[in-house]
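Counting begins at 1 with the first residue of the sequence. Each ligand, and each atom within it, is numbered from 1 in the order the structure gives. Computed over heavy atoms, backbone and side chain alike; hydrogens, waters and symmetry mates excluded.
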Amino acid sequence: MGHLIDGKKWAAVSRATTAEEVQRLHAEGVRPMLVVVLVGEDPASQVYVRGKEKAAVAAGIVSRVVRFPASVDASTLLAHIEHLNRDDDVHGILVQLPLPAHIDEQTVIATMAPDKDVDGFHMENVGKLSIGASGFVPCTPLGVMQLLKYENIEVAGKHALVIGRSNIVGKPMAQLLLQANATVTVCHSRTQRLSELTRQADILVVAIGRSNLVTGDMVKPGAIVIDVGMNRVDGKLTGDVDFASVEPVAGAITPVPKGVGPMTIAMLLHNTVRAAKMRQKLITGVQ
Ligand code: NAP
């Protein structure tokens, strides 16, 4: 039976550390502020934004949500982001994705000041991650690395396999594992003989967006299995990993819900406080 990696518990630990850092900043007259920009009425985005707002406030971070209708024109949105870039009270900016089809996501991301890009999606931060320089790292893969750290799971020298190559999860996940000295394989929808590869992985990170795609027969006995997937099936949240068949084979496994999801929010708060500290020049370039 695989050890259950309790993301909810570890997220609480991380958030408590962040809350202490916020208190220290308050004592120095700095009030970390996160602004979330939400365009349209997508129900899932509304839920995510509410979760982020609640968590930020609980940690003592000032949280503002700026809402635009789905019909907003790109120039209005970009002008507002530029306004937030200039506002010294704002430390972190997050634009909730996806955006309506008429707005180019990359243009919006590129407009954000890299030192306020707490999601780590700006090209400057992507480049920094790729050369191993200090920048903002996307919250979900950062949360996975933090979970591995909390659980004392050795990464160096291990064969880590990531399924998924999105800019948000798969690619930065692979970069972080590589930086931590794993030998990294990245798989995607065109990968052939996927299960042959997955059976060789000591650490398997699954970020596909297909419910229960990874089954027990695809997993090496004792492997660490991290399920990033969040799929709604008949109103129920499921991961990309078939927990029932994988858990008996795995050495350790994250559940869905209460696995990677809570860590993503915890890392958003961490990145926001880091942005505030960087502004105060309290730290320079520590992840
Ligand atoms: P995405 O942009 O849709 O990327 C999915 C990746 O999976 C793509 O690289 C795709 O390959 C690959 N893929 C699709 N079908 C596959 C298959 N049958 N076999 C192997 N690879 C396959 O999704 P994403 O944004 O990375 O998100 C992935 C999942 O994580 C989703 O369920 C999402 O909801 C979840 N997520 C969770 C959190 C969290 O906080 N827990 C945060 C972000 C995302 P191609 O590149 O070849 O198309």
Protein contact to atom 44 (C) of ligand 1 [nearest heavy atom, distance to 0.1 Å]: Val169 CG2, 3.9 Å

Leu84, Leu99, Leu94 screened by side-chain contact (heavy atoms from CB on, under 4.5 Å) with Val37, the one that passes: Leu84

Is it true that Ala207 lies under 4.0 Å from ligand 1, counting heavy atoms only? yes

Tell me: protein heavy atom nearest atom 48 (O) of ligand 1, and distance? Ser189 OG, 3.6 Å

Scan Pro138, Pro262, Cys139 and name whichever one has a side-chain contact (heavy atoms from CB on, under 4.5 Å) with Met267. Cys139

Donor-acceptor pair, Asp119 side chain versus Phe121 backbone, under 3.5 Å? no

What protein heavy atom sits nearest atom 1 (P) of ligand 1, and how far off is it? Ser166 CB, 4.1 Å

Could you identify the single nearest non-hydrogen protein atom to atom 9 (O) of ligand 1 and state the distance to 0.1 Å? Arg165 N, 2.8 Å

Please identify which of these residues, Arg24, Glu20, His26, meets the side-chain contact (heavy atoms from CB on, under 4.5 Å) condition with Val22. His26

Nearest neighbour in protein (non-hydrogen) for atom 33 (C) of ligand 1: Met230 N, 4.1 Å

Please list the nearest protein heavy atom to atom 42 (C) of ligand 1 with its residue and the distance rounded to 0.1 Å. Thr140 OG1, 3.1 Å

Using a 4.0 Å heavy-atom threshold (strictly under), name the region of Met263 that reaches ligand 1: side chain, backbone, both or neither. neither

Within a distance under 4.0 Å of any heavy atom of Gly164, pick out the atoms of ligand 1 and give their elements. 6 (C), 7 (O), 9 (O)

Quick one: which of Thr254, Ile208, Leu213, Asp227 has a heavy atom closest to atom 23 (O) of ligand 1? Ile208

Between Val225 and Val219, does the side chain to side chain contact (heavy atoms under 4.5 Å, CB included) criterion hold? Intermediate values first, please. CA-CA 8 Å; Val225 180; Val219 174; 3.9 Å; yes

With Val205, which of Val260, Leu161, Leu177 fulfils side-chain contact (heavy atoms from CB on, under 4.5 Å)? Leu177

Note: Lys171 and Arg165 closest approach over all heavy atoms is CE-O, 3.3 Å

Between Leu194 and ligand 1, does any nitrogen or oxygen pair lie at a separation below 3.5 Å? no

Hey, are Lys158 and Glu154 close enough for a salt bridge, meaning a charged N less than 4.0 Å from a carboxylate O? no

May I ask you to check whether Phe136 and His122 place their ring centers less than 6.0 Å from one another? no

Determine, using the 4.5 Å side-chain heavy-atom cutoff (strictly less than), whether Val126 and Val186 are members of one ILVMFWY cluster. no

Evaluate Asp6 against Lys258 for salt bridge (Lys or Arg N to Asp or Glu O under 4.0 Å), listing each step before the verdict. CA-CA 7 Å; Asp6 186 343; Lys258 300 182 184 169; over 6 Å; no

Looking at Val169, is its backbone amide N or carbonyl O close enough to the side chain of Ser166 to form a donor-acceptor pair, meaning the two atoms are under 3.5 Å apart? yes

For atom 36 (N) of ligand 1, closest protein heavy-atom neighbour: Val228 O, 3.6 Å

Arg190-ligand 1 polar pair, N/O distance under 3.5 Å: no

Note: ligand 1 atoms sitting under 4.0 Å from heavy atoms of Asn231 are 32 (O)

Thr191 to ligand 1, any heavy atom closer than 4.0 Å: no

Checking contacts here: is it the side chain or the backbone of Thr264 that comes within 4.0 Å of ligand 1, counting heavy atoms only? Could be both or neither. side chain

Distance to 0.1 Å, residue and atom name: give those for the protein heavy atom nearest to atom 31 (C) of ligand 1. Gly209 CA, 3.6 Å

Does even one non-hydrogen atom of Cys187 get within less than 4.0 Å of ligand 1? no

Numbered in order shown, the ligand 1 atoms found under 4.0 Å of a heavy atom of Ile163 are 20 (C), 21 (N)

